Amino acid sequence: MKLKFTKMHGLGNDFVVLDGINQTINLDRQQIRQLADRHFGIGCDQLLLVEKAKGQADFRYRIFNADGGEVEQCGNGARCFVRYVHDHDLTKKSEIRIETLSGVISPRLERDGNITVNMGKPVFEPKQIPFIADRCALTYQLEMLHTQVTICALSMGNPHAVRVVDDIASAPVVTEGALIEKHQRFPNKVNVGYMQVIDRNHIKLRVFERGAGETLACGTGACAAVVAGINLDLLDYQVVVSTQGGELTISWQGHDAPVWMTGPAVTVFEGEINL
Ligand SMILES: N[C@H](CCC[C@H](N)C(=O)O)C(=O)O
């Protein structure tokens with residue numbers, strides 16, 4: 001099967017984007033893993049599928065991690081999605097509504113080339129983790145680590161666990177992140193963010209992503225970290241998030257307000273692959 005694809009990234013979080021409107025796409029988990037493989041395939045953190053909307057939105061947006069699992073949300077991917085549908089003449093609108101497994105989000109192309117996305121409302125998930133939730137901070141014994149770890153567990157449509165650390169460079173992102181990702185406290189596994197607070201309007205962030213490992217940037221992870229930081233009274237309502245791949249601007253007014261994310265989206269190349 002010949003498959004046309006577009007290679008894109010949002011701050012180095014990279015994607016294979018497929019047009020499921022003008023070509024029929026039926027990939028199984030193994031085929032997605034193969035496309036995402038950086039040696040035997042194209043290579044990406046996530047595969048994004050553009051489809052016709054099922055409801056009133058403009059498009060359906062499906063997201064698959066490099067391990068082949070389909071997930072609820074991807075923030076960097078949402079910015080690439082709107083850039084893609086514009087560049088491929090699938091829409092003339094500068095703001096679109098896209099259906100995801102966790103609801104409808106609306107990315108908007110800005111005049112400066114950046115993209116702003118209403119990422120929806122954060123949800124704190126004490127109910128899913130049987131521990132006493134002190135605001136959003138859950139302190140519990142991580143059996144595998146035999147240490148006391150304090151995290152904020154919340155959802156941006158996809159699950160996130162956020163830790164505040166003093167030094168992002170030495171944070172145990174790959175070792176501890178891999179353990180928390182699959183910890184039994186998170187029945188659907190979890191994305192693990194490590195946040196260093198620089199000041200009330202600036203953090204540094206690294207994320208060990210569920211189903212992909214550490215990525216250069218994570219959009220929903222940036223949203224989750226800012227929400228957690230505001231909730232812990234460490235941050236003001238608008239924050240620059242410095243990731244290894246570049247900067248995102250995240251804002252959240254608190255309570256029932258949605259989280260807003262602004263950042264870039266880049267097309268690297270178009271290609272075709274025999275699968
Ligand atoms: N690994 C995530 C999906 C991709 C999220 C990330 N790439 C973003 O930009 O939000 C999960 O399993 O929920």
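Both counts, for ligands and for their atoms, begin at 1 and track the order of listing. Small disclaimer: the values here were computed from a predicted structure and weren't measured.
- For atom 7 (N) of ligand 1, the closest heavy atom belonging to the protein is N13 OD1, 2.8 Å.
- The number of heavy-atom neighbours closer than 6.0 Å to CG of D28, taken from other residues, nucleotides and ligands shown, is above 12.
- Counting the atoms of ligand 1 from 1 in the order shown, those under 4.0 Å from a heavy atom of N65 are 1 (N), 2 (C), 3 (C), 11 (C), 12 (O).
- Atoms of ligand 1 found under 4.0 Å from any heavy atom of N191 (numbered from 1 in listed order, with element): 1 (N), 2 (C), 11 (C), 12 (O), 13 (O).
- Among T100, N158, T220, the one residue that satisfies the side chain to side chain donor-acceptor pair (under 3.5 Å) test with Q73 is T100.
- Environment of CD in E272: crowded, with over 12 heavy atoms of neighbouring residues, nucleotides or ligands closer than 6.0 Å.
- Not one N or O of C218 is nearer than 3.5 Å to an N or O of ligand 1, by distance alone.
- With respect to R200 and D233, a salt bridge is recorded, a charged nitrogen being found less than 4.0 Å from a carboxylate O.
- Not close to ligand 1: D45, with no non-hydrogen atom less than 4.0 angstrom away.
- Between I63 and ligand 1 there is no heavy-atom distance shorter than 4.0 Å.
- Residue G221 has no nitrogen or oxygen atom sitting less than 3.5 Å from a nitrogen or oxygen atom of ligand 1, judged on distance alone.
- Residue G219 holds the heavy atom nearest to atom 8 (C) of ligand 1 of all those in A212, G219, C80.
- Of all the heavy atoms of T220, the ones lying under 4.0 Å from any atom of ligand 1 are found in both the backbone and the side chain.
- For the residue pair K2 and N274, the shortest heavy atom distance occurs at CG-OD1, 3.1 Å.
- Heavy atoms of other residues, nucleotides or ligands lying less than 6.0 angstrom from CZ of F40 number 12 at most.
- Between Q73 and ligand 1, not a single N/O pair is under 3.5 Å apart.
- Close approach of ligand 1 to E209 is summarised as follows: ligand atoms under 4.0 Å from at least one heavy atom of the residue are 1 (N), 2 (C), 3 (C), 4 (C), 5 (C), 6 (C), 7 (N).
- Counting non-hydrogen atoms of neighbouring residues, nucleotides and ligands closer than 6.0 angstrom, the CZ atom of R97 reaches no more than 12 such neighbours.
- Every atom of ligand 1 is numbered from 1 in the order shown, and the set under 4.0 Å from a heavy atom of N158 is 2 (C), 11 (C), 13 (O).
- Shown in contact with N76 at under 4.0 Å from a heavy atom are these atoms of ligand 1, numbered in order with element: 8 (C), 9 (O).
- Checked against a 3.5 angstrom limit, the closest N/O atoms of E72 and ligand 1 fall outside it.
- Counted within 6.0 Å of NZ on K121, heavy atoms from surrounding residues, nucleotides or ligands total 12 or fewer; the atom is thus considered open.
- Between H183 and F186, the two ring planes are perpendicular [angle over 60°; tilted spans 30° to 60°].
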